[in-house]
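Here the structure is a predicted model, which is why all the values come from computation and not from measurement. Per chain, numbering begins at 1; letters A, B, ... match sequence-line order.
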Amino acid sequence: MERKIKESSIFDKFIDKRKTLITNRNFLQSTYIPDQLPHRQNKIDEIVEIISPSLSRNKPSNILIIGKTGTGKTAVLNYIGKEMAKADPNEEKCSYIYINCEVVTSSYGILFNISNLIIKENSKRIPFTGWSLDKVYQELRNYIDEKNKVFIIVLDEIDKSFKENGDDIFYFLTTINEELKNSMVSLIGISNNTKFTELLSTKIKSRLGEEKIIFTPYTPQQLTDILNERAKIAFEPGILSSDVVPLCAAISAQNSGDARKALDLLRVAADIAERNGDSSISEAHVNYARNKIEMDTVVEVVKTLTIQSKIVLMSIYKNMENDNQNMTTGDVFTTYKEICPYVGYQILSQRTVANLIAELDMLGLIHAKVKSFGRNGRTKEINLNINKDVIDIFVEDDIFKNLENYKPSKQMTLM
DNA sequence: CGTCCACTGGAATCAAGGGTCT
DNA sequence: AGACCCTTGATTCCAGTGGACG
């Protein structure tokens with residue numbers, strides 16, 4: 001191929017001028033798997049000890065891993081996956097499969113993903129829709145058995161799947177061994193919901209949780225170690241002022257010791273400093289980053305809402321703007337009915353709107369508390385829970401173009 | 001103390017839209 | 001082409017309920 005010569009472009013002035021503080025941005029991503037996972041060696045040993053029989057074609061126990069977000073569960077499991085690939089490079093004895101149930105929501109989707117990670121031949125691949133679950137089960141089971149080896153299936157965020165689809169897949173995956181002649185399947189479930197096990201039926205509970213491992217949140221000192229480890233490879237010496245890492249660690253430790261948040265904080269702080277043209281990263285950058293992250297996540301959540309949810313949120317906002325601070329589901333629904341024609345969307349039933357309100361509550365955009373007004377019924381007391389800046393962005397949304405001339409018809413709450 | 005409101009929360013059901021199979 | 005299958009989002013149905021009021 002002919003090699004082209006670099007010409008000047010509109011990118012030049014940014015590339016040249018910009019002072020790079022971060023030598024390698026990759027190392028600051030929470031998805032990056034370092035060679036060493038500080039403060040998790042004992043967990044790694046524990047898990048590896050349990051699953052090591054797989055390398056001699058014996059079935060390891062199923063494992064249930066429980067711990068809050070950012071305690072290193074996913075990182076540890078990915079790390080082990082990498083090591084497994086070193087120990088058995090051609091997957092002759094054992095295949096290690098990782099599925100994130102938050103990304104793949106439906107039971108068909110999970111099975112489909114497992115299958116297609118296992119099945120390499122194009123002709124045997126399972127179509128992403130159309131088949132009955134039973135058929136996928138059978139196909140997958142046959143294929144697994146043919147391979148004559150151990151399959152370790154890691155199901156991350158397993159509680160999400162359970163909530164959506166019940167325990168059908170777990171049932172299938174935990175009982176599959178009884179029907180296999182040559183191969184073996186062993187499960188590793190990851191959940192950040194401590195109450196998850198209580199929800200499972202006793203049969204599946206005992207099968208899934210043959211071994212249970214709990215990940216505790218990192219302490220501020222441990223977070224500091226983790227960040228330092230990454231900072232060492234991500235920055236040139238002297239760029240990071242000494243109080244930055246402890247500050248990031250302290251902030252994140254307050255919020256449940258989440259290492260992912262700590263890393264985000266450090267990375268965003270570095271980004272801000274870099275964009276500012278500053279020559280080092282200081283405490284001020286971290287504080288700024290903290291606000292930015294908080295705001296960004298809320299904006300992101302609001303942006304990705306479905307249109308109907310947005311209209312409901314808008315109804316809540318309109319109520320609040322109209323000095324109705326503690327509105328009820330009924331208030332929101334009447335406003336919602338009025339707004340819908342303006343934005344040109346169909347009016348959904350009150351029950352559905354109530355569902356959407358509950359959803360907004362779960363996302364933390366509003367506060368909704370069930371409250372009883374005695375004779376006047378039982379309803380939710382609803383408050384908006386997002387700050388002015390986010391609202392400003394929200395009301396600018398295209399779908400609300402025609403809402404400027406909307407006037408609330410009447411105020412129904414009696415004082 | 002019982003009543004009764006305006007919902008809640010759970011479940012069953014429907015419709016539309018993606019697809020395969022024969 | 002017609003029979004099926006799964007997912008998603010909405011709808012319909014219904015029993016249940018906290019507590020102010022009479």
Side-chain angles (χ1 to χ4, degrees), chain A residues 99-116 119 121-143 157 159-173 195 198-201 301 304-316 319 324 326-337 339-341 343-363 366-383 399 410-415:
Chain A
I99 304 277
N100 189 329
C101 301
E102 196 182 18
V103 185
V104 188
T105 43
S106 64
S107 22
Y108 190 100
I110 291 171
L111 236 39
F112 166 75
N113 270 277
I114 294 175
S115 306
N116 285 346
I119 301 176
E121 292 96 320
N122 268 331
S123 57
K124 289 192 178 172
R125 283 191 172 244
I126 286 167
F128 84 94
T129 176
W131 281 16
S132 72
L133 276 175
D134 255 352
K135 185 163 182 183
V136 182
Y137 283 150
Q138 280 170 32
E139 206 69 15
L140 181 58
R141 186 163 55 218
N142 291 339
Y143 197 89
E157 317 259 358
D159 46 320
K160 295 265 165 49
S161 161
F162 174 74
K163 231 168 101 190
E164 300 271 320
N165 317 305
D167 51 13
D168 280 3
I169 325 163
F170 306 152
Y171 185 80
F172 166 73
L173 289 171
K195 286 185 184 162
E198 296 168 19
L199 303 170
L200 291 169
S201 69
V301 170
T304 51
L305 289 175
T306 62
I307 291 165
Q308 287 289 359
S309 292
K310 281 184 187 169
I311 301 172
V312 173
L313 188 58
M314 178 50 95
S315 312
I316 293 167
N319 264 284
N324 184 3
N326 297 322
M327 67 206 87
T328 66
T329 304
D331 293 341
V332 176
F333 188 56
T334 28
T335 315
Y336 166 82
K337 276 192 293 190
I339 288 182
C340 269
V343 292
Y345 277 88
Q346 180 200 352
I347 298 172
L348 301 179
S349 69
Q350 104 85 24
R351 183 66 189 80
T352 310
V353 171
N355 272 347
L356 294 178
I357 291 174
E359 197 186 296
L360 291 176
D361 182 31
M362 286 224 321
L363 291 171
I366 60 174
H367 277 312
K369 219 172 114 191
V370 270
K371 204 177 166 189
S372 176
F373 295 95
R375 269 275 165 81
N376 295 318
R378 208 159 105 84
T379 181
K380 270 185 172 151
E381 194 178 77
I382 300 163
N383 282 300
I399 61 170
K410 58 181 179 230
Q411 202 44 59
M412 47 221 328
T413 35
L414 8 137
M415 287 292 132

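Here A:F162 pairs with A:F196 under the ring-ring contact (aromatic ring centres under 6.0 Å, His included) rule; sequence neighbours left out. Residues forming a salt bridge (Lys or Arg N to Asp or Glu O under 4.0 Å) with A:E157 (at least two apart in sequence, or on another chain): A:K160. Partners of A:N113 by side chain to side chain contact (heavy atoms under 4.5 Å, CB included), not counting sequence neighbours, listed by chain and number: A:I99, A:V104. Taking A:S115 as the reference, A:I119, A:I126, A:V136, A:L140 meet the side chain to side chain contact (heavy atoms under 4.5 Å, CB included) condition, with sequence neighbours excluded. Among residues two or more places apart in sequence or in another chain, the side chain to side chain contact (heavy atoms under 4.5 Å, CB included) test is passed with A:V301 by A:L363, A:L365.
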Determine all donor-acceptor pairs shorter than 3.5 Å in which one atom belongs to a side chain in residues 163-172 of chain A; sequence neighbours excluded.
residue: A:N165; atom: ND2; partner: A:T105; partner atom: O; Å: 2.9
residue: A:N165; atom: ND2; partner: A:S161; partner atom: O; Å: 3.3

TODO: Any chance you could list the contact pattern along nucleotides 15-22 of chain C? Use B for base contacts, S for sugar-phosphate-only contacts and - for none, protein heavy atoms under 4.0 Å, 5' to 3'.
DONE: --BBBBBS

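The pair A:K371-A:E381 counts as a salt bridge, with a side-chain nitrogen and a carboxylate oxygen less than 4.0 angstrom apart.
An OP1 or OP2 oxygen of C:dT7 is reached within less than 4.0 angstrom by a side-chain nitrogen or oxygen of A:S106.
If you check every strand for non-hydrogen atoms under 4.0 Å, A:T306 touches nothing. Heavy atoms of A:K380 sit under 4.0 angstrom from primed sugar atoms or phosphate atoms, though from no base atom.
Evaluation of the side chain to side chain donor-acceptor pair (under 3.5 Å) test over residues 344-361 of chain A, restricted to residues two or more places apart or in two chains, returns A:S349-A:T352, A:R351-A:N355.
Running 5' to 3' along DNA chain B, contacts with non-hydrogen atoms of chain A at under 4.0 Å begin and end at B:dG2 to B:dC21.
Contacts between residues 344-351 of chain A and DNA chain B, counted as heavy-atom distances below 4.0 Å, involve A:Q350, A:R351. Listed by residue number, the members of residues 129-136 of chain A with any heavy atom below 4.0 angstrom from DNA chain C are A:G130, A:W131, A:S132, A:L133.
Rounded to 10 degrees, the angle between the two end axes of the helix from B:dC1-C:dG22 to B:dT22-C:dA1 is 30°, with five pairs used at each end.
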